[in-house]
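One structure below.
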Amino acid sequence: RVVLRLERLQKVLDGYCNAELQHYRLEQERIRAQLEEEEQRRHEEQQAKGLDDKVEAKNALHEKEKELLSRLAPPPKTPRGLYLHGAVGTGKSMLMDAFFHHANCTKRRYHFHDFLVSLHKKLHDTPKIQNPVRVVARQWATEYSLLCLDEFQVLDVADAILLQQLLSELFRQGTVLVTTSNQPPQSLANSGLFHVRPIVELVERHCTVYEIPSEIDYRQSSSAQQHLLNNRNISIGWQRTLPVTTYNNNDLYMARFHFDDLCVKNQLGSSDFSSLAQTFDMIVITDIPILSDSITSADAARRFITCIDEL
């Protein structure tokens with residue numbers, strides 16, 4: 001049944017683009033800003049005359065806003081996303097990845113840890129402005145109409161606050177969310193973090209929640225174990241990438257790096273190593289050499305010490 005749900009959503013998303021809704025939101029905000037400016041001028045004029053009826057003015061402003069918005073083409077309806085949850089090893093990630101591969105729209109797929117790292121990096125690089133999370137959300141909404149997140153969970157209050165603002169604006173801009181989790185939304189809400197509940201309400205409002213009822217852990221087969229390994233390049237910011245072999249079995253997100261990639265070939269610093277530490281549960285470093293007193297080895301040794309300190 002979950003396959004049929006994903007297939008139906010794939011058909012709905014065929015050629016889907018949230019640009020129309022984004023244009024509608026911009027016009028909506030432009031109209032509201034214009035009316036508020038006119039109301040401010042009227043208010044100042046009325047005050048100068050000793051006359052001002054705030055209630056009547058507010059009602060008139062609301063009616064005028066409705067009239068102007070009615071002239072716009074109605075906003076397109078955003079398809080409902082999907083929240084897949086179930087026990088570990090039941091194939092949630094595999095199903096979502098297959099869906100993502102065949103989805104015919106602008107799209108982006110993250111492991112949830114990588115998503116949070118990317119969000120924090122983006123906020124760090126964003127100029128000091130009012131509501132930077134909304135700015136980042138709007139930028140991402142222009143880049144993709146479908147967002148897939150693997151292993152959705154919220155364990156930190158600060159992340160919960162950022163995530164609520166981000167998802168709220170992404171949904172408002174017409175982005176469709178498909179995500180997997182080991183827990184149903186209400187279990188996340190009952191985690192003890194007060195700020196998680198608004199996120200759960202957002203997800204339930206914009207996504208269909210579906211449980212994969214299987215109790216079989218398909219990871220236990222020898223052939224499945226091979227598919228858990230993934231050789232890829234990960235982004236570390238500033239247009240740099242690192243080759244890595246990752247292993248993800250839902251309970252453990254592990255990375256294996258070659259010593260040269262971490263400490264010799266790339267100019268990595270403490271912030272880079274800290275980011276890796278936040279992304280992975282376990283990091284394995286292979287081919288560590290005997291470090292001599294040469295200039296090259298001394299530089300590599302300093303980076304290796306920094307790396308260990310941050311990990």
- Starting from the C-alpha separation in whole Å, work towards a yes-or-no answer on side chain to side chain contact (heavy atoms under 4.5 Å, CB included) for F99 and L84. CA-CA 12 Å; F99 162 80; L84 298 175; over 6 Å; no
- Task: Step by step, work out the side chain to side chain contact (heavy atoms under 4.5 Å, CB included) result for S168 and L202.
- Result: CA-CA 7 Å; S168 178; L202 274 172; 4.0 Å; yes
- Task: Check the pair L188, I199 against side chain to side chain contact (heavy atoms under 4.5 Å, CB included), reporting the backbone distance first and the verdict last.
- Result: CA-CA 9 Å; L188 296 176; I199 298 173; over 6 Å; no
- Message: If you apply the rule side chain to side chain contact (heavy atoms under 4.5 Å, CB included), what do you find for K122 with W140, and how did you get there?
- Response: CA-CA 10 Å; K122 197 73 175 175; W140 282 355; 4.1 Å; yes
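A continuous path of Ile, Leu, Val, Met, Phe, Trp and Tyr side chains, each step under 4.5 Å between heavy atoms, connects L116 with L167, placing both in one hydrophobic cluster. I305 and L268 sit in two unconnected hydrophobic clusters of ILVMFWY residues. Membership requires side-chain heavy atoms under 4.5 Å apart, directly or through other members. Residues L9 and Y210 fall within the same hydrophobic cluster, defined by Ile, Leu, Val, Met, Phe, Trp and Tyr side chains chained together at heavy-atom separations under 4.5 Å. If you chain together hydrophobic residues whose side chains sit under 4.5 Å apart, V117 and F257 never meet in one group. Note on L119 and F171: same hydrophobic cluster, where clusters join Ile, Leu, Val, Met, Phe, Trp and Tyr whose side-chain heavy atoms are under 4.5 Å apart, directly or indirectly.
Put simply, the side chain of D272 gets close to the backbone of G269: a donor and an acceptor are under 3.5 Å apart. Side-chain N or O atoms of S145 include none that pairs as donor or acceptor with a backbone N or O of T175 at under 3.5 Å. Judged by distance alone, with hydrogens and angles left aside, the side-chain atoms of K107 form a donor-acceptor pair with the main-chain N or O of H101 at under 3.5 Å. Although no hydrogens or angles enter the test, the distance criterion places a donor-acceptor pair under 3.5 Å between the side chain of R80 and the main chain of R205. S118 places no side-chain N or O within 3.5 Å of a backbone atom of D114 that could act as its donor or acceptor partner.
Here the closest non-hydrogen pair linking L146 and C105 is CB-SG, 3.7 Å. The two residues S93 and D150 come nearest to each other via the heavy atoms OG-OD1, 2.7 Å. In terms of heavy-atom proximity, A158 sits nearest to D156 at N-OD2, 2.9 Å. The two atoms that bring A277 and I283 nearest to each other are N-CD1, 4.4 Å, heavy atoms only. Of all the heavy atoms in D287 and F259, the pair that sits closest is O-CB, 3.4 Å. Minimum heavy-atom separation, V264 to A300: CG2-CB, 4.0 Å.
Considering only heavy atoms from C-beta on, M96 stays 4.5 Å or farther from L82 through its side chain. Looking at V284 and M254, their side chains come closer than 4.5 Å, going by heavy atoms from C-beta outward. Here the side chains of R138 and E169 are in contact, with some heavy-atom distance below 4.5 Å. Side-chain contact check for D309 versus S270: every heavy-atom pair is 4.5 Å or farther apart. Side chains of L162 and L123 form a contact here, defined as non-hydrogen atoms less than 4.5 Å apart. Side chains of Q186 and E204 form a contact here, defined as non-hydrogen atoms less than 4.5 Å apart. For the pair C307/I285, a side-chain contact is recorded, criterion being any heavy-atom separation below 4.5 Å from C-beta on. Within the 4.5 Å cutoff, the side chain of F304 has heavy atoms near those of the I288 side chain.
The distance from atom OG1 of T306 to atom CG of L262, rounded to the nearest 0.5 Å, is 12.0 Å. Between C148 atom SG and R108 atom CZ the span is 11.5 Å, to the nearest 0.5 Å. For the atom pair H206 NE2 and T78 OG1, the distance stands at 8.5 Å (nearest 0.5 Å). The line from CG of L13 to CG of N104 is 9.5 Å long, rounded to the nearest 0.5 Å. Note that CG of L166 and CZ of R134 are 13.0 Å apart. Values are rounded to the nearest 0.5 Å. A distance of 12.5 Å separates CZ in R197 from CD in Q164, rounded to the nearest 0.5 Å.
The existence of a salt bridge linking D14 and K11 is excluded, since no basic side-chain nitrogen approaches an acidic carboxylate oxygen closer than 4.0 Å.
Checking T179, D159, L163 one by one against F112, the side chain to side chain contact (heavy atoms under 4.5 Å, CB included) holds for a single residue, L163. For the side chain to side chain donor-acceptor pair (under 3.5 Å) with N182, the qualifying choice from K92, H85, Q153 is K92, the only one to do so.
Note on ring orientation: taking the six-membered ring where Trp is involved, the planes of F152 and Y83 are perpendicular (angle over 60°, cut-offs 30° and 60°).
Using modelled atom types, one finds a donor on one side chain and an acceptor on the other under 3.5 Å when comparing S274 with Q278.
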